[in-house]
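Heavy-atom basis, side chains included; hydrogens, waters and symmetry copies ignored. Each chain gets a letter, A, B and so on, in the order the sequences are listed, and its residues count up from 1.
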Amino acid sequence: MFGQANVLAAGQAAFPPSVDDFYLPAIVPWGVENAPWFTKFTLMIWVAVGFLIIFFLATYRNPKLVPTKKQWFAESIYGFVRNNISVDMIGHQGVRFAPYFTTLFCFVLVTNAFAIIPLFQISPNSHIAFPAILAVISYVLFNYIGIRHHGFGKYFKHALIPPAPWYILPLLIPIEAFSTFIIRPFSLAVRLFANMFAGHMLLLVFTLGGFAMLNANAWLAPISVVSWVMTVALTLLEALVIVLQAYVFTVLSASYIQGALAEEH
Amino acid sequence: MDASVLAEVTGSTAAIGYGLAAIGPGIGVGLVFAAYIQSTARQPESSRMTLPYVWIGFAVIEALALFGIAFGFIWAG
């Protein structure tokens, strides 16, 4: 956690930043490179899970008819996901998926938010593993829901065979299969991953770029301030991306479930 | 003219590749928001109704640019 700070203090920050900057030394055992068991990312995932469980338990512990401030906050998060994502996308059946979407939205939001929270300052989602698992969950869910709703054969017939003239079907069926069963989970994972990855990389470029200019020569040193001002501006942009990507991930999962439940193609 | 190197550019061609990859999604995202602004200007009541589709369209188009980032690092060469 403090490795990067020490490097900055010693004035030997490597510029430009590379993919290696995303592989932080482990916490247990302390400072070991490429240790798989307990890294900052493991810690952040547990912090996110613990925070969400405690937050929702604490706010719902003693629900009132006239909500307290905390209860109102938790209810408005749930209400937003329920009404503006589940019901808007799926229709009245969407209410039963609202708990899943709320969990997904909050989890992605909190893990994304680590990207700009001081001392954390990197999102676990900037490693493909975490978005990939989230995408697999949504993928299994929408296929399972579709198969349960339509039956196995009818679901794949719905998913693969669009209402089109027979002679165009040899072209359309592979495209539909590719886009529904391969591109969907892949793009869901890569979208979240790449946003967080690129966001962290941008912040690294401007932070470390400031140090690089400071250490370069007397003419470039004052310009490092510009670089750090850009970091502040990009942190605000990153805050927008964090919320947007959590929303987009949830909305796309909802739209896939809607597609699986739809009666027409 | 001798064959010595007069000027040299170093770095990754992946950066050029990403620049090219960003053109299409840039235009596409622009079209999405242009259409949304136009539809909202014509029919202000529809703004809430069309908003989820704006974000879905935005996300689907933006994915291409983000694939560019990811593949740029994968095949950085």
Q: To the nearest 0.5 angstrom, please state how far the CD1 atom of B:Ile56 sits from the CG atom of A:Leu252.
A: 5.5 Å

(Q) Could you go through A:Met201 and B:Ile69, starting from their C-alpha distance and side-chain angles, then the distance that decides it, and tell me whether this counts as side-chain contact (heavy atoms from CB on, under 4.5 Å)? (A) CA-CA 11 Å; A:Met201 196 61 114; B:Ile69 294 181; over 6 Å; no

Q.
Heavy-atom cut-off 4.5 Å, strictly under: side chain, backbone, both or neither for A:Ser255 against chain B?
A. side chain

Q.
Counting neighbours of CZ on B:Phe33 that are heavy atoms of other residues, nucleotides or ligands and sit closer than 6.0 Å, is the number greater than 12?
A. yes

**Q.** Side-chain donor/acceptor of A:Arg191 to backbone N/O of B:Glu62, under 3.5 Å
**A.** no

Q: Any chance you could measure B:Leu66, atom CG, to A:Phe193, atom CZ, to the nearest 0.5 Å?
A: 10.0 Å

Q: Verify side-chain contact (heavy atoms from CB on, under 4.5 Å) between A:Leu244 and B:Trp55, making sure each step is shown before the conclusion.
A: CA-CA 9 Å; A:Leu244 186 63; B:Trp55 292 124; 3.5 Å; yes

**Q.** A:Phe80 atom CZ: more than 12 heavy-atom contacts under 6.0 Å
**A.** yes

Q) Between A:Tyr247 and B:Pro52, what is the shortest heavy-atom contact and its length? A) OH-CA, 4.1 Å

Q | Heavy atoms from other residues, nucleotides or ligands near CZ of B:Arg48 exceed 12 (cutoff 6.0 Å) | A | no

Q: Look at atom CZ of B:Phe71 and say whether more than 12 heavy atoms of other residues, nucleotides or ligands are closer to it than 6.0 Å.
A: yes

Q) Are side-chain heavy atoms of B:Met49 and A:Asp88 found at a separation under 4.5 Å? A) no

